[in-house]
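Here the structure is a predicted model, which is why all the values come from computation and not from measurement. Quick note: numbers below take in every heavy atom, side chains included, and nothing from hydrogens, waters or symmetry partners. Note that ligands are numbered from 1 as they come in the structure, with each ligand's atoms numbered from 1 the same way. For the single chain, residues carry numbers from 1 onward in sequence order.
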Amino acid sequence: MSSNLRESCGVFGVVAPGEEVARITFYGLYALQHRGQESAGIASANDRRLYLRTGMGLVSQVFNEDDLSYLPGQMAIGHTRYSTTGYSEAANAQPCLVEAPAGKLALGHNGNIVNASVLREDLEEQGVEFSTGTDSEVIAQTLAQAPGESWQQRWAYLMRRLKGAYSLVALTPNELMAARDPMGNRPLCLGTLDGGWVVASETCAFDHLGATFVREIEPGEVVRITAKDGVESYQAAEPKKAFCIFEYIYFARLDSVLDDKLVYPVRMALGAQVAREHPVDADIVIGVPDSAIAAAIGFSQEADIPFVEGLVKNRYVGRTFIQPDQRLREVGVRLKFNPLPELLEGRRVAVVDDSIVRGTTNRPVVSMLRKAGAKEVHVRITSPPIISPCFFGIDMGSRWELIAGRMSVDEIREHIGADSLGYLSVEGLIEAVGLPKDKFCLACFTGEYPMPVPLQLDKLALETAGGRDRHEFEWMESVPSALRGP
Ligand code: AMP
């Protein structure tokens, strides 16, 4: 278990009585492309069988007409995957398919399971064989092998055993199930489409399909959808809400609604808040495109400094982190942005970005702006410093990779070459989002996790040179009992 411990992905599902739904799933995934660009997959069901197609790359690269025609049936689930460093293999694409006493099951997962290694060991002891290195297969097997006569009992078992974040879509030959972990850490919502039903990581997928948003799937809830009976739902575990606030800051699309709040105005409010917390004397405001443009507009309005598009983004380069190693990441930044000297020449520039994770993006951006003639460069970040890794599905790397984990704000300012640097405060973040603090997981900014996490992994990794597998093995040996589950 080394390759897929952190994943931020998009999941989608549809049941439309009497219709062929592969194409709907394709377009649903298309709208969720920002959540994962590494691989994509669709599983469909026609009441008798499950069909599966997965592949590496963007949704449009993975599926052509032939592939879609191979996916018959009125029910389907889909997945876009975004894994971490280096392990990007076709075999790990999702949905994954397992066969178990309870029958065949296809499953797509967004999130990250903290105790996947332990669960996998337990299953292997029972003789279960694994064909991929993903925690999603561990989830699928844990569910499909779970004791119990009904799926309801198996889901309750799964939620007792799984520790971590998971928004799931699962498909049997005749029913679709969607579930959200008790923290509701990753988004998942339910909608209707022409007499059928859709589930998706984000509401933007509904908008593109002309579907109507009904509600979010609740933390700890399982929704079962069949062509015959429509939607049934039950609570499989006690909710304890800890929604990932980074979805608002960076990950979700601007036009999605999370917990009744459209992301776009939240991002503007984040920009306005950082303008209040860290005012700057500047001639122009620019945003690092595309993710920080809304925040830069909010900053510009609050500070009363004109917003200009001083950086142009090549839209066909994926999110920087998609590159598997650090060297390629740095090249990626140069390929991604091009400054406009005519707008920047001789100006004092305030640059708004949503986050500094490893510090890979901001350093070349600042130097690019200076080379293009900016007189001063002031960086404003619409999140607090990221000091602790995410164990729940956002790829932020390990503790030692997080620049704010090892440098002070002034050292980071120096490292990126900015004239000044200002981060949003945690209180300012909460105020700008406008929801109660106790609804959120803020662990990447505070180090306070909503459940026990394998912090030891980082400690060992820092002390020992060599591969990660070894550290994970050592951690597995000494896994705290709290993570083992019942
Ligand atoms: P870094 O370059 O490592 O400091 O990362 C920060 C930049 O990457 C920012 O411009 C963000 O917009 C973007 N970013 C932040 N978090 C992620 C993530 N999980 N995956 C991909 N890009 C990210």
Please work out, at 4.0 Å between heavy atoms, whether the side chain, the backbone, both, or neither of Phe337 comes within that distance of ligand 1. neither

For ligand 1, is Asp354 a contact, meaning one of its heavy atoms is under 4.0 Å away? yes

State whether the side chain of Arg363 and the backbone N or O of His415 hold a donor-acceptor pair below 3.5 Å, judged by distance alone. yes

Quiz question: by atom type and distance under 3.5 Å, do the side chains of Ser425 and Glu277 form a donor-acceptor pair? yes

Measure from atom 3 (O) of ligand 1 to every heavy atom in Arg363, Lys336, Met396, Arg358 and give the option owning the shortest one. Arg358

Quick one: sort the Tyr30 and Phe26 rings into parallel, tilted or perpendicular, breaks at 30° and 60°. tilted

Flag, side chain of Glu137 to backbone of Ser131, donor-acceptor distance under 3.5 Å: yes

Could you tell me whether ligand 1 has any atom less than 4.0 Å away from a heavy atom of Asn362? no

Side chain, backbone, both or neither: which part of Asp353 comes within less than 4.0 Å of ligand 1 when only heavy atoms are counted? side chain

N/O donor-acceptor pair under 3.5 Å between Asp354 side chain and Tyr250 backbone: no

Numbering as shown, the atoms of ligand 1 that approach Ile394 to under 4.0 Å (heavy-atom distance): 19 (N)

Which atoms from ligand 1 have a heavy atom of Ser291 less than 4.0 Å away? 12 (O)

Decide whether a cation-pi geometry holds between Arg180 and Tyr166; the criteria are a distance under 6.0 Å from NZ or CZ to the six-membered ring centre and an angle within 45° of the ring axis. no

Counting from 1 in the order shown, the ligand 1 atoms closer than 4.0 Å to a non-hydrogen atom of Gly359 are 1 (P), 3 (O), 4 (O)

Counting from 1, what ligand 1 atoms have a heavy atom of Ile356 closer than 4.0 Å? 4 (O)

Quick one: sort the Tyr248 and Phe243 rings into parallel, tilted or perpendicular, breaks at 30° and 60°. perpendicular

I need the atoms of ligand 1 closer than 4.0 Å to a non-hydrogen atom of Phe246, numbered in the order shown. 16 (N)

